[in-house]
Amino acid sequence: MDALTRERTLIGTETGLDLEPAQRPTRDEAMAAVRTLLAWAGDNPDREGLLDTPQRVVDAYGEWFAGYNGDPAKELSRTFEDVQGYDDMVMLRGIDVQSHCEHHMAPFLGKAWIAYMPTGKVVGLSKLARLTEIFAKRLQTQETMTMQIADAIEDHLSAAGVAVLIDAEHQCMSTRGVHHHDVSTITTQFRGVFKTDKVLQQRFMDLVRK
């Protein structure tokens, strides 16, 4: 399935239900919801220090979840073919990942390493970082995001192979629940020649560790 057509804002899509997208509340409704959560937490939303908190939270959500407004296909649509026959690995190392887990809405922070084997055309390097940001700035699981990045590159660049590795620390694990700190989660996806050619796959991993 093309990851770019997979609408994860649809309620029930992961259970196979075909439902309409949830209607987006107004800004005032979102701010009222924040006031409700403040009261539920045990504080007074009318306290001086909290008066502007609903507005600040809604503004922050606009930044944290801006990926819902992004279009991965558009980011990868402009390619360059004048690469003098270059046919080796293209890799970006250490892309910042700032996302929120869909189970607790807690941040998970880390780095991504992305590589692909071009077949006659390449994409601007900043576009791969932007692609990562679009998927990260949504409610996510790290496993799904890793697959979405690989799917997008594979589908829209016709790459001979794609490799993605994400290493992140989840605050839903470090600040609640088991309270284990300094535990990172690593997810990988290998497609095409990165999956079939173990030497190439090892080369990618060596560059990740470098």
Side-chain angles (χ1 to χ4, degrees), residues 1-8 14 66-68 70-102 107-171 173 182-210:
M1 180 187 295
D2 184 345
L4 304 183
T5 63
R6 189 182 305 139
E7 182 52 82
R8 301 189 78 233
E14 294 182 6
Y68 287 112
D71 184 353
K74 181 179 179 181
E75 294 297 330
L76 298 179
S77 63
R78 186 181 181 189
T79 58
F80 305 93
E81 297 185 6
D82 186 15
V83 291
Q84 305 297 311
Y86 183 85
D87 60 357
D88 204 348
M89 185 192 307
V90 177
M91 182 175 181
L92 267 69
R93 303 171 65 241
I95 303 169
D96 284 332
V97 170
Q98 300 177 357
S99 192
H100 287 74
C101 97
E102 63 185 39
F108 64 90
L109 310 172
K111 299 286 185 179
W113 289 259
I114 299 174
Y116 71 100
M117 294 289 285
T119 54
K121 60 182 180 180
V122 298
V123 70
L125 298 178
S126 66
K127 301 301 183 182
L128 295 179
R130 176 61 181 148
L131 175 72
T132 303
E133 185 178 70
I134 286 175
F135 286 124
K137 290 185 177 296
R138 301 179 181 185
L139 289 171
Q140 280 287 17
T141 67
Q142 184 174 326
E143 297 88 341
T144 299
M145 181 170 62
T146 307
M147 291 179 60
Q148 288 175 330
I149 294 170
D151 286 341
I153 298 172
E154 187 176 41
D155 292 342
H156 291 273
L157 296 185
S158 301
V162 181
V164 180
L165 183 147
I166 297 177
D167 184 350
E169 181 175 341
H170 292 245
Q171 293 189 19
M173 182 176 176
D182 301 320
V183 177
S184 68
T185 298
I186 295 176
T187 52
T188 59
Q189 278 288 294
F190 298 108
R191 307 286 177 82
V193 292
F194 281 101
K195 191 176 185 70
T196 58
D197 188 337
K198 298 305 180 183
V199 173
L200 182 62
Q201 185 180 124
Q202 186 59 52
R203 183 177 160 207
F204 169 79
M205 295 303 297
D206 289 344
L207 289 170
V208 168
R209 298 189 190 99
K210 186 176 180 181

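By convention here, the first residue in the shown sequence is residue 1.
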By the definition side-chain contact (heavy atoms from CB on, under 4.5 Å), identify the one residue from Glu169, Met173, His170 that meets it with Val183.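 Of Glu169, Met173, His170, side-chain contact (heavy atoms from CB on, under 4.5 Å) with Val183 is met by Met173 alone.
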I need the [X] [atom1] to [Y] [atom2] distance, nearest 0.5 Å.
X: Glu102; Y: Met145; atom1: CD; atom2: CE; answer: 11.0 Å
X: Gln189; Y: Arg191; atom1: CD; atom2: CZ; answer: 4.5 Å
X: Met147; Y: Phe135; atom1: CE; atom2: CZ; answer: 11.5 Å
X: Thr187; Y: Gln142; atom1: OG1; atom2: CD; answer: 3.5 Å
X: Asp167; Y: Thr188; atom1: CG; atom2: OG1; answer: 11.5 Å
X: Ile149; Y: Ile166; atom1: CD1; atom2: CD1; answer: 4.0 Å

Using a 6.0 Å cut-off, check whether atom CD of Gln98 has over 12 heavy atoms from anything other than its own residue.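 Atom CD in Gln98 is not crowded, with 12 or fewer foreign heavy atoms closer than 6.0 Å.
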For [X] and [Y], which heavy atoms make the closest approach, and how far apart are they?
X: Cys101; Y: Leu139; value: O-CD2, 4.0 Å
X: His100; Y: Phe108; value: C-CE2, 3.7 Å
X: Gly124; Y: Phe80; value: N-CE1, 3.8 Å
X: Ile95; Y: Ile114; value: CD1-CD1, 3.8 Å
X: Gly161; Y: Phe194; value: C-CD1, 3.4 Å
X: Val208; Y: Arg93; value: O-NH2, 4.2 Å

Does the pair Ile153 and Leu128 meet the rule for a side chain to side chain contact (heavy atoms under 4.5 Å, CB included), with working shown? CA-CA 8 Å; Ile153 298 172; Leu128 295 179; 3.9 Å; yes
Side-chain touch [X]/[Y], heavy atoms, less than 4.5 angstrom:
X: Asp96; Y: Glu133; result: no
X: Leu207; Y: Trp113; result: no
X: His156; Y: Val123; result: no

Charged N to carboxylate O below 4.0 Å: is that the case for Arg209 and Asp206?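 Yes, this pair counts.
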